[in-house]
Amino acid sequence: MAARIQIPREARRGEVIEVCILIQHPMETGYRHDDVGHLIKRNVINVLSCRYNGVEVFRADLSSGISANPYVQFYTVAEASGDLEFTWADDEGQRGSERQAIVVKG
Amino acid sequence: MRRLALAAVALAAGVALAQERAIAPGELKSGSAFLGSDLRALQNDDFANPGMLWVERGEKLWREPAGKENLACAGCHKDTSMRGVAASYPKIDKASGKLLNLEGRINLCRTERIGAEPLRYESEDLLALTAYLARQSLGAPIAASIAGAARAHFEAGRASYHLRRGQMNLSCAHCHDAQWGKRLLSETISQGHPNAYPAYRMEWQTMGSLERRLRACLSGIRAEMLPYGSQEYLDLELYLAWRAQGLPIETPGVRR
Amino acid sequence: MRRRDFLASAVGALALPGAALAQADPVDPLVRALANGAPLRKGKVALVLPQLADNGNSVPIRITVDSPMTPADHVKSIHLYSERNPVPNMANFYLSPRAGRAEINSRVRLAGSQRVTAVAKLSDGSFWYAAAPIVVTLSACLDES
């Protein structure tokens, strides 16, 4: 499961920064049929979380109500240099993770 | 003298061709011009455009050794060598004399150069490599050649484009030459250009090739859908490229 | 302005107690269940989505909550509800004062024209909500290509 994360590379301490993530996932609703008419089993990313230097700063429960290839954007305060690490899991137990570094000045 | 005569014929043919254009070059509009502001903004957002997931995957595949030869595409091709290449497709392959679209060209290098299986149409990997290569031509004007061996394919493509088909007895031209700008159900009919493909379509909820889009049009008019990669699609793609000559590539497009 | 909103604001203008206000609002029972008996008030939350979507498979949505996001006063969670989707609770987002700003952007699937509701739970235990109508011209379905 590929993903893209967008955060500023650099920020001032205390600055509120925008965090975006885009994950490649069909978010199968369980109501679609395949080429031969079989119902495709529901399979959605049901949980997504973001840790900033190990501390959870954001978490979401998602459902089939979120579009395929989910996009989520939120904010966090730049506290220290380090990593933002995203982890997620879908109904079939597949897990994904992706991290991005940030340099915090001042 | 003979040369001059040939040039005159070519010139005359060029003029005749120019007169055949249903949409004048100055009037050409990309499909994105007919989108709502949300989808247009999404296409132009290099981060949030979901098609970029495939472009990124394509870049990885481009650098990854594969096949019996364990070679990467990037091993033979310098990154900058692919600038503008997608804008010249479909194109005649010199060795075989066959017309290839970008998908066919990728698969030819896979089978002939690295000893790998061809990738299936609409597979994540073929969409990814095609999107990555097309992205290298972002902004490049479409410039497919219809000279030489390509000419016969162009003619076949033109005939196919104007052929009435399906239960609605419509040709491509009925919608994309005569009705563009008008509403059809919840969509606005565009001029039917190939410059944004592979594109991410909301209705598919995923990326799709130009041929998948053509199949959607055919299914819409209750006409027969041809198998992926069939000669008729390739010829049509060449005709579409000629119609769109000069329009900049904008892969990955975002569509309804 | 929809009639019910108009009624709600008219009632508000008469300065009736919160309970009466809550009764005037057509809130989904599920949303009520989330609040678990606590008063659910309109306000603080802003929900932005297009009035009209050509395709229900991907509709941009923005939720913002008016909050200082301090340890003493912040948004704990934001909950999104659909009136017509097979799964009404579309998403829950959990925030902390570390967010700095209470705003979420995402894209949702909507099975037809309906009202979407966003509820915020604040650190003082209060619940606030906003709702918005949307017309979806083509609901989530597929062609045969």
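Convention: sequence-line order gives letters A, B, ...; per-chain numbering from 1.
- Atom CD1 of Ile66(A) and atom CD1 of Ile61(C) lie 8.0 Å apart (nearest 0.5 Å).
- Of the atoms belonging to Tyr52(A), heavy atoms from both backbone and side chain fall under 4.5 Å from chain C.
- Ser106(C) places a side-chain N or O within donor-acceptor distance of the main-chain N or O of Tyr71(A), the cut-off being under 3.5 Å.
- Around the CZ atom of Arg12(A), the shell of radius 6.0 Å holds no more than 12 heavy atoms that belong to other residues, nucleotides or ligands.
- Proximity of a side-chain donor or acceptor of Arg101(C) to a complementary backbone N or O of Val16(A) within less than 3.5 Å is not detected.
- Closest approach of Ser63(A) to Asn89(C), counting heavy atoms only: OG-O, 3.6 Å.
- For a residue to count as touching a neighbouring chain, one of its non-hydrogen atoms must lie under 4.5 Å from one of that chain's; by this rule Glu18(A) does not touch chain C.
- Thr76(A) contributes a side-chain N or O that, together with a main-chain N or O of Arg98(C), makes up a donor-acceptor pair within less than 3.5 Å.
- Using a distance-only test at 3.5 Å, with no hydrogens or angles considered, no donor-acceptor pair links the side chain of Ser58(C) to the main chain of Ser67(A).
- Distance CG/Asn92(C) to CG/Leu62(A): 9.0 Å, rounded to 0.5 Å.
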Yes or no on side chain to side chain contact (heavy atoms under 4.5 Å, CB included) for Phe74(A) and Asn105(C), after CA distance, side-chain angles and deciding distance?
CA-CA 7 Å; Phe74(A) 58 92; Asn105(C) 283 276; over 6 Å; no
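- Residue contact with chain A, scored on non-hydrogen atoms closer than 4.5 Å, involves the side chain of Asn85(C) exclusively.
- The contact between Val55(A) and chain C is made entirely by side chain atoms (from C-beta outward), counting heavy-atom distances below 4.5 Å.
- Residues Phe58(A) and Phe93(C) meet the side-chain proximity criterion, which asks for heavy atoms closer than 4.5 Å.
- Taken to the nearest 0.5 Å, the CZ atom of Arg107(C) stands 12.0 Å off from the CD atom of Gln73(A).
- Of the listed residues (Glu15(A), Glu79(A), Glu56(A)), the greatest number of heavy-atom pairs within a distance under 4.5 Å of chain C belongs to Glu79(A).
- When side chains are defined from C-beta on, Asp61(A) counts as touching Tyr94(C), because their heavy atoms get closer than 4.5 Å.
- One distance of note links OG of Ser77(C) with CZ of Arg59(A); it measures 9.5 Å at 0.5 Å rounding.
- Ranked by heavy-atom pairs under 4.5 Å with chain A, the list Ala99(C), Pro60(C), Ala91(C) is led by Ala99(C).
- The shortest non-hydrogen separation linking Met90(C) to Gly65(A) is SD-O, 4.0 Å.
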